[in-house]
Amino acid sequence: MTAKITYDEVEVGTELPARTFPVTRATLVRYAGASGDFNPIHWNERFAKEVGLPDVIAHGMFTMAEAIRVVTDWTGDPGAVVEYGVRFTKPVVVPDDDQGAEIQVSGKVAAKLDDNTVRVDLTATSGGQKVLGMSRAVVRLA
């Protein structure tokens, strides 16, 4: 695949379409099975509270994966992501109800680099708090 967005089409400040991703306890169970990460802070409310968390929290790697979807959906090619990194700043708390939590993600082209690449800065929040810091991706465009 090749990115559907061309380097010449974007400028610094170009905003990517924002997305909201729902997260429920069922989502966490499915992710735990797929990833093999069965840490009880992601499924056992009693344990999570015993270790000082407000409730069960989403896996950090799950949160990171949901955030980069804004970039891969925008480019049309997951292989366009050359580099990606984040800092985990706050957990995504997932209550045991029918609503769960939401992760809101927006992105903006922060720099045009060499070799048809751009740096995209992402903002990810949940419950009104920033959950990822320094969330940046380098993406090769067509």
Side-chain angles (χ1 to χ4, degrees), residues 1-7 9-113 115-142:
M1 292 178 68
T2 303
K4 295 176 183 173
I5 305 291
T6 68
Y7 184 79
E9 286 179 76
V10 300
E11 298 298 330
V12 171
T14 299
E15 293 189 18
L16 283 61
R19 297 269 317 264
T20 297
F21 302 99
V23 187
T24 64
R25 294 281 178 96
T27 308
L28 300 182
V29 169
R30 286 191 298 273
Y31 182 82
S35 68
D37 181 352
F38 293 100
N39 187 324
I41 64 172
H42 303 303
W43 57 270
N44 184 316
E45 185 173 332
R46 180 181 44 79
F47 183 85
K49 289 181 175 181
E50 283 176 2
V51 298
L53 295 168
D55 206 330
V56 165
I57 63 171
H59 303 72
M61 296 303 285
F62 171 81
T63 304
M64 190 176 173
E66 292 291 77
I68 197 65
R69 287 177 59 190
V70 167
V71 175
T72 59
D73 289 351
W74 175 65
T75 64
D77 179 10
V81 177
V82 175
E83 187 178 312
Y84 177 46
V86 305
R87 283 191 187 156
F88 300 107
T89 56
K90 297 276 184 190
V92 174
V93 179
V94 183
D96 189 15
D97 60 18
D98 293 333
Q99 308 305 311
E102 291 183 333
I103 304 168
Q104 295 85 23
V105 184
S106 61
K108 184 183 291 190
V109 175
K112 290 185 84 170
L113 308 170
D115 197 24
N116 283 11
T117 60
V118 297
R119 189 186 87 217
V120 175
D121 291 352
L122 296 168
T123 300
T125 61
S126 183
Q129 295 193 8
K130 194 172 183 179
V131 295
L132 297 177
M134 300 293 292
S135 184
R136 296 179 173 168
V138 174
V139 185
R140 180 162 290 110
L141 301 178

* Using the side-chain contact (heavy atoms from CB on, under 4.5 Å) rule, take Leu113 and Val118 through it: C-alpha gap first, then chi angles, then the decisive distance, then the call. => CA-CA 5 Å; Leu113 308 170; Val118 297; 5.8 Å; no
* With side-chain contact (heavy atoms from CB on, under 4.5 Å) as the test, would you mind laying out the steps for Thr20 and Ile103 before giving the verdict? => CA-CA 6 Å; Thr20 297; Ile103 304 168; over 6 Å; no
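Across every non-hydrogen atom of Ala80 and Thr75, the tightest pair is CB-OG1, 4.1 Å. The minimum heavy-atom distance between Val92 and Ala101, with the atom names listed, is CG1-CB, 4.1 Å. The minimum heavy-atom distance linking Phe38 with Gly33 is given by the pair CZ-CA, 3.7 Å. Listed here is the closest heavy atom pair of Ala58 and Leu28: CA-CD2, 3.6 Å.
To the nearest 0.5 angstrom, Phe62 atom CZ is 5.5 Å from Thr27 atom OG1. How far CG of Asn116 is from CD1 of Ile5: 13.0 Å, rounded to the nearest 0.5 Å. With values rounded to the nearest 0.5 angstrom, Arg136 atom CZ is found 13.0 Å from Ile68 atom CD1. From Asn39, atom CG reaches atom CD1 of Ile57 across 8.0 Å, with rounding to the nearest 0.5 Å. Distance OG1/Thr24 to CD/Gln99: 10.5 Å, rounded to 0.5 Å.
In this structure, the side chains of Thr125 and Val131 stay at 4.5 Å or more apart for every pair of heavy atoms. Inter-residue side-chain proximity for Val10 and Trp74 is flagged as met; some heavy-atom pair is nearer than 4.5 Å. Side-chain contact check for Val94 versus Asp55: every heavy-atom pair is 4.5 Å or farther apart. Taking the side chain as every heavy atom from C-beta outward, Trp43 and Val56 never approach each other to under 4.5 Å. The side-chain heavy atoms of Val109 and Arg119, taken from C-beta on, include no pair separated by under 4.5 Å. Under the 4.5 Å side-chain criterion, counting only non-hydrogen atoms from C-beta, Phe88 is in contact with Leu132. Under the 4.5 Å side-chain criterion, counting only non-hydrogen atoms from C-beta, Leu122 is in contact with Val105. In this structure the side chain of Tyr84 never reaches within 4.5 angstrom of the side chain of Val138, judged on heavy atoms.
The aromatic rings of His42 and His59 sit parallel, their planes meeting at an angle under 30°, below the 60° perpendicular limit.
Remark: Lys90 NZ is loosely packed, at most 12 non-hydrogen atoms of other residues, nucleotides or ligands lying under 6.0 Å away.
Glu9 and Thr6 form a side-chain donor-acceptor contact under 3.5 Å, judged by distance and modelled atom types alone.
Scanning for ring pair (Phe, Tyr, Trp, His ring centres under 6.0 Å) contacts around Phe21 gives an empty result, with sequence neighbours left out. With sequence neighbours excluded, the residues forming a side-chain contact (heavy atoms from CB on, under 4.5 Å) with Pro54 are Val93, listed by chain and number. Under the rule for a salt bridge (Lys or Arg N to Asp or Glu O under 4.0 Å), the partners of Arg69 that lie at least two apart in sequence or sit in another chain are Glu66.
Checked by atom type and distance alone, the side chain of Lys112 pairs as donor or acceptor with a backbone atom of Tyr7 at under 3.5 Å. Here the side chain of Ser35 pairs a donor or acceptor atom with the backbone of Tyr31 at under 3.5 angstrom. Looking only at distances, no side-chain donor or acceptor of Ser135 sits under 3.5 Å from a matching main-chain atom of Val86. Asp115 places no side-chain N or O within donor-acceptor distance of the main-chain N or O of Thr117, the cut-off being under 3.5 Å.
Note on Arg25 versus Glu45: salt bridge recorded, some NZ/NE/NH1/NH2 to OD/OE distance being below 4.0 Å. A salt bridge does not link Asp77 with Lys4: every distance from a Lys NZ or Arg NE/NH1/NH2 to an Asp or Glu carboxylate oxygen is 4.0 Å or more.
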